[in-house]
2 protein chains.
Amino acid sequence: MAEKSKFWYLKNINIFDGMDDVQMGHIEKMTTMTYVDKHRPIYFPEQPSNNIYFLKEGHVKLSRIHEDGREIILDVLGPGEILGELSLIEEGGQKELAEALDNVLICTMNKRDFETMVMNNPALNLRLTKWVGLRLRRFEEKMSELAFKDVNKRIISFLIRYAEDFGKIKGGTVTIPSFLSHQEIAYLTATSRQTVTTVLNDLKTQRLIDFSRKEFAIKNFDKLRQLSL
Amino acid sequence: MAEKSKFWYLKNINIFDGMDDVQMGHIEKMTTMTYVDKHRPIYFPEQPSNNIYFLKEGHVKLSRIHEDGREIILDVLGPGEILGELSLIEEGGQKELAEALDNVLICTMNKRDFETMVMNNPALNLRLTKWVGLRLRRFEEKMSELAFKDVNKRIISFLIRYAEDFGKIKGGTVTIPSFLSHQEIAYLTATSRQTVTTVLNDLKTQRLIDFSRKEFAIKNFDKLRQLSL
DNA sequence: TTACAAATGTCGGGAAGGCGACAAACTCAA
DNA sequence: TTGAGTTTGTCGCCTTCCCGACATTTGTAA
């Protein structure tokens, strides 16, 4: 039996809130747990998919890949988030690639089962809508950022968001273990690898952030936030 | 009594599909119809909102405005689409500005009424989720476009999408009455007004499109589509 | 330890496109 | 029809940042 609160908690919304153990047991029975190694795909673009996934541990990136090899990461998901939910809306599966950023544990549920479950549980459904809505909000945010901010500010904004979402407070500074590569940050902020390197080093020189190849820390949140606007 | 099919039809999903006249009558009672003139706002950013809107006639743009006056249009909605649905997910209303692009007729429903209705109608709920999901898809698309394509291709892609969504076939060519201003196209494609003017005139010289201040037509869809990739 | 791959750091040329400036064309109301 | 306000057309400068090239550092497996 899963621990409800940990297993299924969505960022701001626990979509299984208020369910009793019997109901949760049903859900358990319909799901399969899988481990996915770092850099392994969870689903491919255009691949017909009948599954919806719940991310229990680790991080997953959703990205789109252009034929010339360029890539943009649309979103990075952490524990407690749903992915593949867009397969609900149409046939033909997703348009994005979902890939594990570290070692990931996911629960898989058949899309039909999920639909049935949702149909029988209006409150859950409403919460799912809210969840998709939140994601929509995040995208809106990202899009305005892409349009309004220069590279510098985009990268800074990203660092802040990333630290807020995935960072751990450790001795006054916010630390993120297992940092992304510069190339991945470039994909996330729609810029080039070289520019990321330069900007990050600038910020390090200014003592606003600090990082090695495996850890990243924000030293001065306030100043950084100021620079991001 | 509203004509169901016309009144409530969402782009790909009729969210009131399968309802009988009694149910539709209930819905009617909970909605108010309003006319909004061209260039008038429907709702403002940050303004607490308790309403959800159904667009019956006309077009609405959703945009975000930066403090320095720059603007990006996130989406343009046509008849049959929903707006304000994100107010469902959180307090504090929307982050965008919704403004009428032409003369608009909208139906307003209280957010609580809508929630109740949705709770009592799981199928409707699922369709709403799909609707938000579709919008999410559109945003993903737009974001990758912003990241991958140069200004030229972005503008061309926009013209195609715009024609497909809102154009009328008239004597072999697709025509759109009441064209947007170059400034508005610039907001939509995240570029500058001058660049839009230049690109459009280039395309006109190549006889791929044609336009005056009040009408716009695509002469060669295929070629244009080719140039947009 | 060594060897190899991958990630990072640094430089400079060059293209894209933002932006100010201004003229011309159009729109509309008085 | 006249004049004011808006939209469109055109030019050129100048910033941003992409991108290739290459050196250096770090991680890792033998």
Side-chain angles (χ1 to χ4, degrees), chain A residues 37-39 61 66 68-73 99 101-102 144-159 176-206 209-216 227, chain B residues 37-39 66 68-73 99 101-103 145-159 176-206 209-216 227-228:
Chain A
D37 288 342
K38 185 170 178 171
H39 296 311
K61 70 170 185 186
H66 205 241
D68 62 11
R70 280 180 298 165
E71 175 179 344
I72 179 178
I73 300 181
E99 193 183 291
L101 283 175
D102 37 30
S144 0
E145 216 158 74
L146 223 52
F148 293 143
K149 294 183 180 174
D150 61 19
V151 170
N152 217 319
K153 290 179 179 174
R154 286 211 300 278
I155 293 177
I156 295 177
S157 300
F158 160 74
L159 294 174
I176 305 173
S178 144
F179 196 43
L180 299 163
S181 74
H182 294 185
Q183 181 60 74
E184 279 169 318
I185 298 176
Y187 288 150
L188 272 157
T189 50
T191 178
S192 70
R193 195 224 90 217
Q194 293 95 319
T195 305
V196 171
T197 302
T198 310
V199 170
L200 286 183
N201 282 315
D202 269 11
L203 294 171
K204 193 195 239 175
T205 309
Q206 294 178 253
I209 65 172
D210 198 10
F211 62 93
S212 68
R213 297 213 171 177
K214 41 178 62 162
E215 244 196 8
F216 168 83
L227 288 175
Chain B
D37 288 341
K38 187 170 180 172
H39 296 311
H66 205 240
D68 61 12
R70 280 181 298 165
E71 174 178 345
I72 179 178
I73 300 181
E99 194 182 290
L101 283 175
D102 36 30
N103 293 328
E145 214 159 76
L146 222 50
F148 293 142
K149 295 183 180 174
D150 61 20
V151 170
N152 217 319
K153 290 180 178 174
R154 286 211 301 279
I155 294 177
I156 295 177
S157 300
F158 160 74
L159 295 175
I176 305 174
S178 146
F179 197 43
L180 298 163
S181 74
H182 295 185
Q183 181 60 74
E184 279 170 317
I185 297 175
Y187 289 151
L188 272 158
T189 51
T191 180
S192 70
R193 195 225 91 218
Q194 293 94 320
T195 304
V196 170
T197 301
T198 309
V199 170
L200 287 183
N201 283 315
D202 270 11
L203 294 171
K204 191 193 241 175
T205 309
Q206 294 179 252
I209 65 173
D210 198 10
F211 61 94
S212 67
R213 297 213 171 179
K214 41 180 60 161
E215 243 197 6
F216 168 83
L227 288 176
S228 79

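Note that these values count all heavy atoms, side chains included, but never hydrogens, waters or copies made by symmetry. Nothing here was measured: the structure is a model prediction, and the numbers come from that model. Numbers restart at 1 for each chain; the letters A, B, ... are given by sequence-line order, proteins then strands.
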Under 4.0 Å between a side-chain N or O of [X] and OP1 or OP2 of [N]?
{"X": "A:Thr191", "N": "D:dC18", "answer": "yes"}
{"X": "A:His182", "N": "C:dA6", "answer": "no"}
{"X": "A:Thr195", "N": "D:dC18", "answer": "yes"}

Rounding to a whole Å, what distance do you find between [X]:[atom1] and [N]:[atom2]?
{"X": "A:Lys153", "N": "D:dT15", "atom1": "NZ", "atom2": "P", "result": "17 Å"}
{"X": "B:Ile155", "N": "C:dA16", "atom1": "CD1", "atom2": "P", "result": "14 Å"}
{"X": "B:Lys38", "N": "D:dT6", "atom1": "NZ", "atom2": "P", "result": "14 Å"}
{"X": "B:Lys204", "N": "D:dT8", "atom1": "NZ", "atom2": "C1'", "result": "10 Å"}
{"X": "A:Tyr187", "N": "D:dC19", "atom1": "OH", "atom2": "P", "result": "11 Å"}
{"X": "B:Gln183", "N": "D:dG5", "atom1": "CD", "atom2": "P", "result": "19 Å"}

(message) What I want to check is whether an N or O donor and acceptor connect the side chain of A:Arg193 with the base of C:dG9 at under 3.5 Å.
(response) yes

Q: Decide yes or no, distance alone: a donor-acceptor N/O pair under 3.5 angstrom between the base of C:dG20 and the side-chain of B:Gln194.
A: yes

Practice task
Measure from the side-chain heavy atoms of B:Arg213 and tell me the nearest of C:dT27, D:dC19, D:dT10.
Solution key: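 Of all the options, the side chain of B:Arg213 is nearest to C:dT27.
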
Ignoring hydrogens and angles, tell me if any N or O in the side chain of B:Asn103 forms a donor-acceptor pair with the backbone of B:Lys38 under 3.5 Å.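 Yes: the side chain of B:Asn103 pairs with the backbone of B:Lys38.
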
Taking A:Leu227's backbone N and O only, do any of them form a donor-acceptor pair with A:Lys153's side chain (distance below 3.5 Å, no angle check)?
no

Taking every heavy atom of A:Leu203 against every heavy atom of A:Ile156, the minimum-distance pair comes out as CD1-CG1, 3.9 Å

Separation between OG1 (A:Thr189) and CG (A:Leu146), nearest 0.5 Å, reads 9.0 Å

